[in-house]
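Quick notes on the structure that follows.
FYI, side chains are in, hydrogens and waters are out, and symmetry mates aren't considered; it's all heavy atoms of this structure. Letters go in sequence order (proteins before strands), and every chain restarts at 1.
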There are 2 protein chains.
Amino acid sequence: MSSIQYVLLSLLAREPLSGYDMKQQINGRISFFYKISNNQLYPTLSKLETEEYIRLQSHERESYRPAKKIYTITDKGLDSLKAWVISPSEPGAWDEFLLKQYSSWLVEPEVMIAQLVERRKEHEARLEEYTVKAASLRGQEERIEAGHPLFSSIGVIEMGILFERGYADWCDKMIGWLRENRI
Amino acid sequence: MSSIQYVLLSLLAREPLSGYDMKQQINGRISFFYKISNNQLYPTLSKLETEEYIRLQSHERESYRPAKKIYTITDKGLDSLKAWVISPSEPGAWDEFLLKQYSSWLVEPEVMIAQLVERRKEHEARLEEYTVKAASLRGQEERIEAGHPLFSSIGVIEMGILFERGYADWCDKMIGWLRENRI
DNA sequence: GTAAACATGTAAATTGTTACATGATTTT
DNA sequence: AAAATCATGTAACAATTTACATGTTTAC
């Protein structure tokens, strides 16, 4: 099952929105790891409506054709969203985990702290792995020039190191904020 | 067109490998942003072979059934890979850009430097955007507790900030290494 | 003796992209 | 006068995931 329906529920859990508004918010705020197209958006919205996860709040018809359809989340939708947020994500699914954090305000902080502690471990382990790998690659030649394959290998591994360190640091930050109960 | 064929060519540009080996390398080194499944791997390999981007080097049959098929890249494959590496990536396609960097050792450093400078600008601009956004979200309430939607909004934006800063820093590092002609 | 690793491959189902279609309003 | 924005939606195509299929060897 894909995350798209939960992404839409995550946005509606905050405020009633139209499909168009949702797309704007997704493209403007979380586009670095999640993108959406019209073709997924509108059918998913219809599906969520017929299954009663969301409800049409108003159908504003302005001067021109397509009326703006504003949706609200139902209790069923909110329950389903909460269940998804606390459900464990696969190791490696850092993007799904981030998506869940966007609705973490809906659930008990203790549950989120426990999940973040787990994630931190995973990213720290991979940070260590990549660091060792980078050192071993560097050790293979005393001088590595731009035309050598090791140059690119190390370059990409360095991004992996930056990424894993960033994610681990972010987990730490989130844990700290949750414990203090303020951001 | 998807990146998978170029990922396989990128690996074969370094050394001859079997499909299984390629999968191991992908899962072990760049799995944080690129994943592959058997169903994509083997048909793509066949396609690359019939189109002469790669060639079967050996077909080692050991004691048990599936013989290990080791492939090498052809001149045509290498040319196609180089052309892909220097072709511009869409803004936002940070993963494809990283994939291209993995074969940057094959092309002129000047071309890569120019691309990295462009990328750096993009990520710096988005870093600025996210920083402003985070500040404005924080300014909405004087105390934001864990149960408040703003708590999660800021949390996720903070990851965006870390990500964009990380990517921009990495571009700087790469540019520096390319200019010094050593890593 | 059970599970994991080795090694290649296929089928079915889902998911996602690109392009199109409509049509008024606002900006360049 | 052209282009972009607003607003919803569909059709055709491409890509990806999940599960299956085979069968040996090595590790627990």
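Rounding to whole angstrom units, NZ of residue A/K47 and P of D/dT10 are separated by 15 Å. Rounded to an integer number of Å, the gap from A/M22 CE to D/dG9 C1' is 15 Å. One can place CG of B/L17 at 14 Å from C1' of C/dA7, the figure rounded to the nearest angstrom. Between the P atom of D/dT17 and the CG atom of A/D95 lies a distance of 11 Å, rounded to the nearest Å. Atom CG in B/L41 sits roughly 14 Å away from atom C1' in D/dT17 (whole-Å rounding). At whole-Å resolution of the value, CD in A/E49 and C1' in D/dT8 are 14 Å apart. Regarding B/K68, its NZ atom lies at a distance of 18 Å from the C1' atom of D/dT22, rounded to whole Å. As rounded to whole Å, 8 Å separates atom P of C/dT18 from atom CD of B/E90.
Where B/D21 and A/K35 meet DNA chain C, the nucleotide closest to each residue was compared, and B/D21 sits on the side nearer the 5' end.
Taking only distance into account, the side chain of A/N39 meets the base of D/dA11 through a donor-acceptor pair shorter than 3.5 Å. Under 3.5 Å, the side chain of B/N38 and the base of C/dT10 form no donor-acceptor pair of N or O atoms.
Using a 4.0 Å cut-off between charged side-chain N and carboxylate O, A/E129 and A/K133 make no salt bridge.
Checking A/Q115, A/R120, A/K121 one by one against A/E118, the side-chain hydrogen bond (donor to acceptor under 3.5 Å, both in side chains) holds for a single residue, A/K121.
Proximity of A/Q40 to the phosphate of C/dT15: no side-chain N or O atom is located under 4.0 Å from OP1 or OP2. Proximity of B/S2 to the phosphate of D/dT16: a side-chain N or O atom is located under 4.0 Å from OP1 or OP2. The phosphate of D/dA7 (OP1 or OP2) has no side-chain N or O of A/K23 nearer than 4.0 angstrom. Taking 4.0 angstrom as the limit, B/Y20 places none of its side-chain polar atoms (N or O) nearer than this to OP1 or OP2 of C/dT8.
Using a 4.0 Å heavy-atom cutoff across all strands shown, A/S46 reaches no nucleic acid atom at all.
For A/Q24, the listed nucleotide lying nearest its side chain is D/dC6; candidates were D/dT8, D/dC6, C/dT18.
Between A/H123 and A/F163, the ring planes are perpendicular. Angles over 60° get that label, and only those under 30° would be called parallel.
There is no side-chain donor-acceptor pair under 3.5 Å between A/R126 and B/S31.
Other residues, nucleotides and ligands contribute more than 12 heavy atoms inside 6.0 Å of the CD atom of A/E51.
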